[in-house]
Amino acid sequence: MEAKKKSICSFSGKCGGCQWIDIPYEEQLKRKQAMLAKLLKPYVKPDPIIGMEHPFHYRNKVHAVFGMSRKGPVSGIYKAGTHEIVPVVSCMIENEKADAIIATIRGLLRSFKIKNYNEDSGYGLLRHVLIRVGHNSGEIMVVLVLASPILPSKNNFVKALRKEHPEITTVVINVNDRRTSMVLGDKEQVIYGKGYITDTLCGKTFRISSKSFYQVNSVQTETLYRKALEFAELTGKETVLDAYCGTGTIGILASEKAGRVIGVELNKDAVRDAVLNAKTNHADNVQFYRQDAGKFMVQMAEQDVKVDLVLMDPPRSGSDETFLTSLARLAPEKVVYVSCNPLTLARDLEYLTKHGYCAVKAVGIDMFAMTEELEVVVMLSRK
Ligand code: SAH
């Protein structure tokens with residue numbers, strides 16, 4: 001029997017994050033294209049997938065869990081679907097600086113007498129480290145997720161950390177004192193810098209805080225947003241609804257070519273960032289609302305607001321019945337659907353194509369190289 005070939009990643013067997021790490025990149029793209037073409041076959045033929053030029057180290061958001069194993073303190077990532085921590089010290093898709101910062105933190109813990117949190121006993125302090133890197137700005141945020149609010153000699157800790165990594169622009173303590181698998185808790189304290197980072201995408205500046213959503217692959221995000229705007233075919237007069245808008249990125253980019261943009265988003269930190277982002281970028285024709293996108297759509301439909309284009313970018317679970325029925329009632333000329341899950345996209349297209357729309361164009365964008373995940377943009381037009 002042929003021996004199993006060694007993986008190019010020494011952690012892949014245990015980690016399971018990159019299911020396709022040992023498949024040549026061209027082949028990965030072919031598979032994704034074939035999968036997408038099959039899923040979208042009843043609706044539209046997708047254009048050729050847009051791959052990455054450098055498909056490694058693209059993740060600008062890096063998370064490490066700190067905990068205890070039978071052998072002592074350990075940090076790394078949760079093994080897929082479990083609470084077992086795999087001691088990953090370098091990752092082929094994560095930002096390399098972020099990995100180096102996590103390694104430095106690991107090395108500082110002993111001298112600062114900081115104990116890893118123990119999930120079983122509830123004893124210990126450090127639970128997670130989250131790093132966000134501004135791809136174009138170079139700004140870096142370090143979030144230390146602690147089980148209780150006090151970090152011993154926090155100023156010296158920051159000093160020691162920044163001595164190794166002067167590119168760190170802000171450090172935040174997040175307190176998560178609940179027995180939960182959620183990474184971040186509610187309370188935060190900024191211990192260095194301004195508490196958020198900024199980055200530029202397609203020439204605009206965006207503010208990113210610990211909790212707000214920001215696409216993890218900055219290079220491909222620019223490609224994605226350009227495609228979404230190209231599919232939107234705005235002329236300068238339209239009323240645009242940016243649903244599931246996060247920090248308002250797509251809507252703010254669209255606002256240059258639209259009459260008016262309305263954004264809706266559930267996460268309050270993201271909405272706060274969106275409002276500030278509109279201000280920074282002098283996008284005066286954009287308004288943001290914090291609400292469930294589905295409920296917001298119902299109100300829009302009831303009030304007979306005229307919308308020309310709906311841009312939607314729902315989470316993995318896709319949109320919901322409430323949203324889609326109101327969308328059909330609102331009847332915009334065009335819908336640009338950005339999806340990070342082709343399965344729920346196909347489900348939602350099934351509904352929309354039965355309720356007044358046809359899918360005109362679609363394209364896959366490879367935001368998650370080495371994994372099975374795929375981002376897709378679809379343009380639908382009223383029949
Ligand atoms: N368009 C943005 C964000 C896309 S991610 C960008 O490109 O950055 C999906 C967003 O939907 C997240 O910000 C999430 O907080 C938000 N969201 C999830 N469920 C929602 C709901 N029911 N109503 C409104 N927003 C929701």
Side-chain angles (χ1 to χ4, degrees), residues 59-61 132 134-136 182-184 186 196-202 204-232 240-255 258 261-278 281 283 286-301 309-327 330 335-342 344-345 348 365 367-368 373-378:
R59 279 190 69 93
N60 61 28
K61 177 179 165 183
R132 300 188 98 166
H135 178 81
N136 293 311
M182 295 271 289
V183 175
L184 295 171
D186 294 330
Y196 60 91
I197 56 167
T198 55
D199 196 21
T200 56
L201 280 178
C202 304
K204 303 259 182 233
T205 306
F206 296 104
R207 167 189 164 122
I208 307 149
S209 50
S210 66
K211 285 183 212 160
S212 47
F213 179 89
Y214 191 65
Q215 302 283 358
V216 296
N217 180 337
S218 305
V219 173
Q220 289 296 77
T221 298
E222 291 197 318
T223 313
L224 170 73
Y225 289 169
R226 289 211 174 93
K227 265 293 159 197
L229 292 180
E230 181 194 313
F231 282 7
V240 176
L241 177 71
D242 179 6
Y244 311 90
C245 69
T247 56
T249 43
I250 303 182
I252 290 170
L253 292 169
S255 71
V261 177
I262 303 160
V264 60
E265 160 66 45
L266 200 54
N267 178 300
K268 79 173 188 309
D269 295 298
V271 175
R272 181 203 57 208
D273 288 352
V275 170
L276 293 166
N277 285 336
N281 291 294
V286 192
Q287 280 163 303
F288 292 103
Y289 296 90
R290 183 195 170 199
Q291 219 185 324
D292 169 79
K295 288 189 185 137
F296 189 78
M297 281 299 266
V298 173
Q299 288 165 15
M300 299 269 286
L309 165 74
V310 170
L311 281 163
M312 55 189 284
D313 185 4
R316 286 189 61 75
S317 51
S319 199
D320 57 22
E321 190 93 20
T322 318
F323 185 94
L324 294 173
T325 23
S326 306
L327 177 62
L330 206 60
V335 176
V336 173
Y337 192 139
V338 177
S339 163
C340 57
N341 183 350
T344 54
L345 169 70
D348 293 348
I365 291 158
M367 300 264 271
F368 312 103
E373 311 293 328
L374 179 61
E375 192 84 12
V376 190
V377 193
V378 180

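Start at 1 and go down the list; that is how both ligands and their atoms are numbered.
Residue-level proximity to ligand 1 for Ala270 is absent, since no heavy atom of it falls below 4.0 angstrom. Contacts between Asp292 and ligand 1, counted as non-hydrogen atom pairs separated by less than 4.0 Å, involve both the backbone and the side chain. Of the heavy atoms in Ala243, none comes closer than 4.0 Å to ligand 1.
Taking the ring centroids of Tyr214 and Phe206, they lie at or beyond the 6.0 Å cut-off.
Side-chain polar atoms of Asp348 and Ser319 form no donor-acceptor pair below 3.5 angstrom. Counted by atom type alone, Asp269 and Ser209 present zero donor-acceptor pairs between their side chains at under 3.5 Å.
With distances taken over non-hydrogen atoms, the option nearest atom 18 (C) of ligand 1 out of Pro315, Ala293, Cys340 is Pro315. Distances from atom 3 (C) of ligand 1 to the heavy atoms of Phe296, Tyr244, Phe206, Tyr225 put Tyr244 nearest.
Looking from atom 16 (C) of ligand 1 to the surrounding protein, the closest heavy atom is Glu265 OE1, 3.2 Å.
Residue-ligand proximity: Thr249 is placed with a non-hydrogen atom under 4.0 Å from ligand 1.
Residue-to-ligand polar distances place Leu266 within reach of ligand 1: an N/O pair is separated by less than 3.5 Å. Here's the thing with Asp313: one of its N/O atoms is less than 3.5 angstrom from an N/O atom of ligand 1. Note: no N/O pair closer than 3.5 Å links Asn267 and ligand 1 by distance alone.
Of all atoms in ligand 1, listed by their number and element, those nearer than 4.0 Å to a heavy atom of Gln291 are 23 (N), 24 (C).
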